Amino acid sequence: MTSTASPASSTIAAPSREAIAEVIETESEAFLDRQPRSRELIDRARRSLAGGATSNWQIAEPQAVWLSHGAGSKIYDVDGNEYSDFHGGYGVSIVGHAHPAIVKAVSERVARGTHFAQPTEDAIAVAEELSRRWGLPEWRFANSGTEATMDCIHLMRAATGRDVIIKVEGGYHGHHDSVEVSVLPEDEEIGPATRPIAVAGNSGIPQAIRDLTVIVAFNDLVSLEQILKEYDGQVAGMIVEPIMMNAGIIHPLPGYLAGLKELLHAHGALLAFDEVKTGLTAGPAGATGVYGVTPDLVAVAKAIGGGVSTAAIGGTEELMELIADGSYEQVGTFNGNPLAMAAALATLTEVLTPAAYEHIDRLRRRMVDGIEGVIARHGLPWHVVTAGAKGCIAFRSEPCHDFRDFLDVDAELGQAHWLVQHNGGVFLPPWGKIEQWLISVQHTDEDVDRFVANVARLAELVAAPVADDETGEA
């Protein structure tokens with residue numbers, strides 16, 4: 001699957017700040033007018049659910065949206081509104097909703113029992129398919145991306161006998177202590193670009209843990225080498241998203257991933273790829289397959305379960321032997337749950353076929369062409385970035401190469417875009433500029449065209465008149 005980072009138009013016309021503020025205000029009012037039943041459920045939920053939601057990521061301005069059901073490429077809220085779903089449950093639903101193969105697999109498994117805390121044959125078949133795709137021989141299952149990346153951290157420390165972990169500034173790897181550092185730090189607290197300050201990403205993270213997590217910029221091999229020399233003999237390994245996705249989408253520069261592996265191994269440290277978001281969405285073998293660099297460990301989750309919660313850790317024989325011989329106990333009551341394995345096997349072998357990826361890539365090209373056409377017509381300082389089934393509009397003229405670049409992406413435009421898409425019948429993740437869209441195997445040209453039409457509407461609402469190149473007149 002092809003990935004792109006399109007250039008912005010050569011004729012730049014910065015959007016009006018007043019217009020953006022007006023769009024947010026008017027679209028927020030329209031948003032709330034569409035959601036009276038959601039508002040009732042929020043009021044009820046606040047009496048028993050902390051914050052009135054099941055995750056803090058669901059609490060967004062102007063309010064959370066409560067959903068009823070989904071089918072194909074569409075989802076429906078409790079107020080009866082239909083949406084083309086490009087949210088995809090934060091990258092989970094590449095199979096779409098109620099895909100017949102997933103429904104069949106899960107239904108048959110439910111009738112045969114859903115949990116034993118003992119392995120079933122499907123777990124072997126899923127591990128074999130993951131091994132084939134990623135080129136890592138041995139696997140274990142977990143239940144979420146957080147668990148999978150946590151096991152990667154533990155394994156790197158267990159294998160090396162070292163404590164220090166390196167992570168990328170702005171990278172998100174779940175909500176366990178070792179990686180809840182410098183997730184979305186504020187501009188005023190991040191320190192120098194060549195040596196970012198380790199900033200707590202949440203409350204409840206001890207200073208002692210933060211002292212063991214060293215932060216480095218994405219795409220910066222020079223600074224990484226300096227850190228490895230400074231902490232010589234102390235670094236267990238580095239965890240990184242091979243395509244950064246907590247900051248829109250940021251691709252690795254040529255040679256970066258291979259350079260990471262070479263530098264880390266030269267200092268006796270290990271490399272773990274967090275493919276929780278990129279696994280199966282960037283391509284059939286995630287970003288590992290796209291870039292041809294195989295890490296020592298990989299964490300996958302989200303899309304592999306076809307909508308059912310599961311995750312997996314793949315690794316070299318040497319590292320996974322630590323699990324096999326009990327040196328590191330990788331455990332979990334729901335690891336390899338039969339329901340999750342049935343859904344994962346159907347996802348991997350029946351749904352995400354070569355033909356499915358061809359369909360997604362065709363829709364990706366249609367999406368990019370449509371949005372780029374809007375940007376060019378209005379002369380806007382925006383550009384499109386994609387990675388297989390995922391994509392985003394970066395509301396700045398230049399490509400982002402690291403988190404510091406991402407800080408310049410216009411957050412207010414991100415919010416305005418989210419609201420306009422929502423009110424125009426397209427569901428996207430909240431948090432505007434941070435997240436990505438997801439194209440599923442069940443999306444259609446109609447879904448893509450609806451998305452592009454909403455981008456055109458946003459452009460019309462916020463764009464300043466573009467001067468004629470010949471006359472200089474608007």
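Predicted, not measured: the structure shown is a model, and the values here were computed from it.
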Donor + acceptor pair across side chains of Glu25, Ser28 (<3.5 Å): no
Rounded distance [0.5 Å steps], CZ in Arg157 versus CG in Leu155: 12.0 Å
With Gln234, which residues qualify under side-chain contact (heavy atoms from CB on, under 4.5 Å), at least two apart? Val164, Tyr231
Gap between atom OG of Ser223 and atom CG of Leu228 - 0.5 Å precision: 11.0 Å
So does Arg34 get a backbone contact from the side chain of Asn81, meaning a donor-acceptor N/O pair under 3.5 Å? yes
Flag side-chain contact, heavy atom, 4.5 Å: His417 against Leu413: no
Taking all heavy atoms of Gly305 and all of Ala343, pick out the closest pair and write down the distance. O-CB, 3.2 Å
Distance col, row Leu41:CG vs Leu67:CG, nearest 0.5 angstrom, shows 11.0 Å
CE on Met150 to NE2 on His176, rounded to 0.5 Å: 6.5 Å
Sequence neighbours left out, what passes salt bridge (Lys or Arg N to Asp or Glu O under 4.0 Å) with Glu241? Give chain and number order. none
Tyr83: ring-ring contact (aromatic ring centres under 6.0 Å, His included) partners, not counting sequence neighbours: His422, Phe427
Is there a side-chain contact between Ser131 and Leu136 (heavy atoms, below 4.5 Å)? no
Assess, by modelled atom type and distance only, whether the side chains of His175 and Asn202 contain a donor and an acceptor separated by less than 3.5 Å. no
Asp232: partners by salt bridge (Lys or Arg N to Asp or Glu O under 4.0 Å), with sequence neighbours left out: none
Check salt bridge (Lys or Arg N to Asp or Glu O under 4.0 Å) between Glu180 and all other residues, then give those that pass, not counting sequence neighbours. none
Between His97 and Tyr76, a side-chain donor and acceptor under 3.5 Å: no
Who passes ring-ring contact (aromatic ring centres under 6.0 Å, His included) against Tyr172, sequence neighbours left out? Trp57
State whether the number of non-hydrogen atoms from other residues, nucleotides or ligands found under 6.0 Å of Gln58 atom CD is greater than 12. yes
Min side-chain heavy-atom separation Ile434-Asn246 under 4.5 Å: yes
Do Ile313 and Cys152 make a side-chain contact, defined as non-hydrogen atoms from C-beta onward lying under 4.5 Å apart? yes
From Cys392 SG over to Met245 CE, what is the distance, rounded to the nearest 0.5 angstrom? 8.5 Å
Is the closest basic N to carboxylate O distance between Arg450 and Asp447 below 4.0 Å? no
CG (Asp449) with more than 12 external heavy atoms under 6.0 Å: yes
On a heavy-atom basis, the closest approach of Ala356 and Val351 is CB-O, 3.2 Å
Assess the residue pair Ile215 and Ile197 against the criterion (side-chain contact (heavy atoms from CB on, under 4.5 Å)); give the C-alpha distance rounded to whole Å, side-chain angles, the decisive distance to 0.1 Å, and a yes or no. CA-CA 7 Å; Ile215 306 302; Ile197 294 172; over 6 Å; no
Tell me every residue that passes ring-ring contact (aromatic ring centres under 6.0 Å, His included) with His154, counting only those two or more places apart in sequence or in another chain. Tyr328
Kindly determine whether Met367 and Trp437 satisfy side-chain contact (heavy atoms from CB on, under 4.5 Å), including the steps that lead there. CA-CA 11 Å; Met367 179 91 88; Trp437 70 64; 3.7 Å; yes
Charged N to carboxylate O under 4.0 angstrom, Arg133 versus Glu129? yes
Donor-acceptor pair, side chain of Gln330 and main chain of Phe141, under 3.5 angstrom: yes
Hey, are the side chains of Glu169 and Asp402 touching, using non-hydrogen atoms and a 4.5 Å cut-off? no
Any Arg162 side-chain heavy atom under 4.5 Å of Met156 side chain: no
Contact summary for Ala217 and Pro196, nearest pair of heavy atoms: N-CG, 4.3 Å
Residues Leu130 and Ala312: closest non-hydrogen pair is CD1-CB, 3.9 Å
Would you tell me whether Gln442 and Ser440 have side-chain atoms, one donor and one acceptor, within less than 3.5 Å of each other? no
Please name all residues satisfying ring-ring contact (aromatic ring centres under 6.0 Å, His included) with Tyr256, sequence neighbours left out, ordered by chain then number. Phe218
Taking side chain as C-beta onward, heavy atoms only, is Trp134 less than 4.5 Å from Glu275? yes
Quick check: does any side chain N or O of Arg364 sit under 3.5 Å from a backbone N or O of Ile439, one acting as donor and the other as acceptor? no
I need the Met244 CE to Ile249 CD1 distance, nearest 0.5 Å. 12.0 Å
Using atom types as modelled and distance alone, determine if a side-chain donor or acceptor of Glu27 lies under 3.5 Å from a backbone N or O of Ala416. no
Any donor-acceptor N/O pair, Ser38 side chain to Trp66 backbone, under 3.5 Å: yes
When you measure from the side chain of His251 to the backbone N and O of Thr386, does any donor-acceptor pair fall under 3.5 Å? yes
Indicate yes or no: at least one non-hydrogen side-chain atom of Pro381 is less than 4.5 angstrom from one of Arg396. no
Working note: Ile165 + Val181, criterion side-chain contact (heavy atoms from CB on, under 4.5 Å); need CA distance, chi angles, decisive distance, verdict. CA-CA 11 Å; Ile165 296 295; Val181 183; over 6 Å; no
Which heavy atom of Gly91 sits nearest to which heavy atom of Thr281, and what is that distance? O-CG2, 3.9 Å
Looking at Thr194, is its backbone amide N or carbonyl O close enough to the side chain of Gln226 to form a donor-acceptor pair, meaning the two atoms are under 3.5 Å apart? no
Report the C-alpha separation of Leu428 and His87 in whole Å, then their side-chain angles, then the decisive distance to 0.1 Å, and conclude whether the side-chain contact (heavy atoms from CB on, under 4.5 Å) test is met. CA-CA 4 Å; Leu428 282 173; His87 182 308; 5.5 Å; no
For Pro206, check side-chain contact (heavy atoms from CB on, under 4.5 Å) against everything at least two apart and list the hits. Asp177, Ile209
Quick note, salt bridge (charged side-chain N to carboxylate O under 4.0 Å, His left out) partners involving residues 420-439, not counting sequence neighbours, are Lys277-Glu435
Closest non-hydrogen contact found for Gly306 with Ile102 is O-CG2, 3.7 Å
Can you give the donor-acceptor pairs under 3.5 Å from side chains of residues 260-274 to other protein atoms, not counting sequence neighbours?
| unit_1 | atom_1 | unit_2 | atom_2 | d |
| --- | --- | --- | --- | --- |
| Lys261 | NZ | Thr294 | O | 2.6 |
| His265 | NE2 | Asp296 | OD1 | 3.1 |
| His265 | NE2 | Asp296 | OD2 | 2.8 |
| Asp274 | OD1 | Val276 | N | 2.9 |
| Asp274 | OD2 | His173 | ND1 | 2.7 |

Could you work out, with salt bridge (Lys or Arg N to Asp or Glu O under 4.0 Å) as the rule, every residue matching Arg210, not counting sequence neighbours? none
Can you tell me if Gln415 uses its side chain to pair, donor with acceptor, with the backbone of Glu61 under 3.5 Å? yes
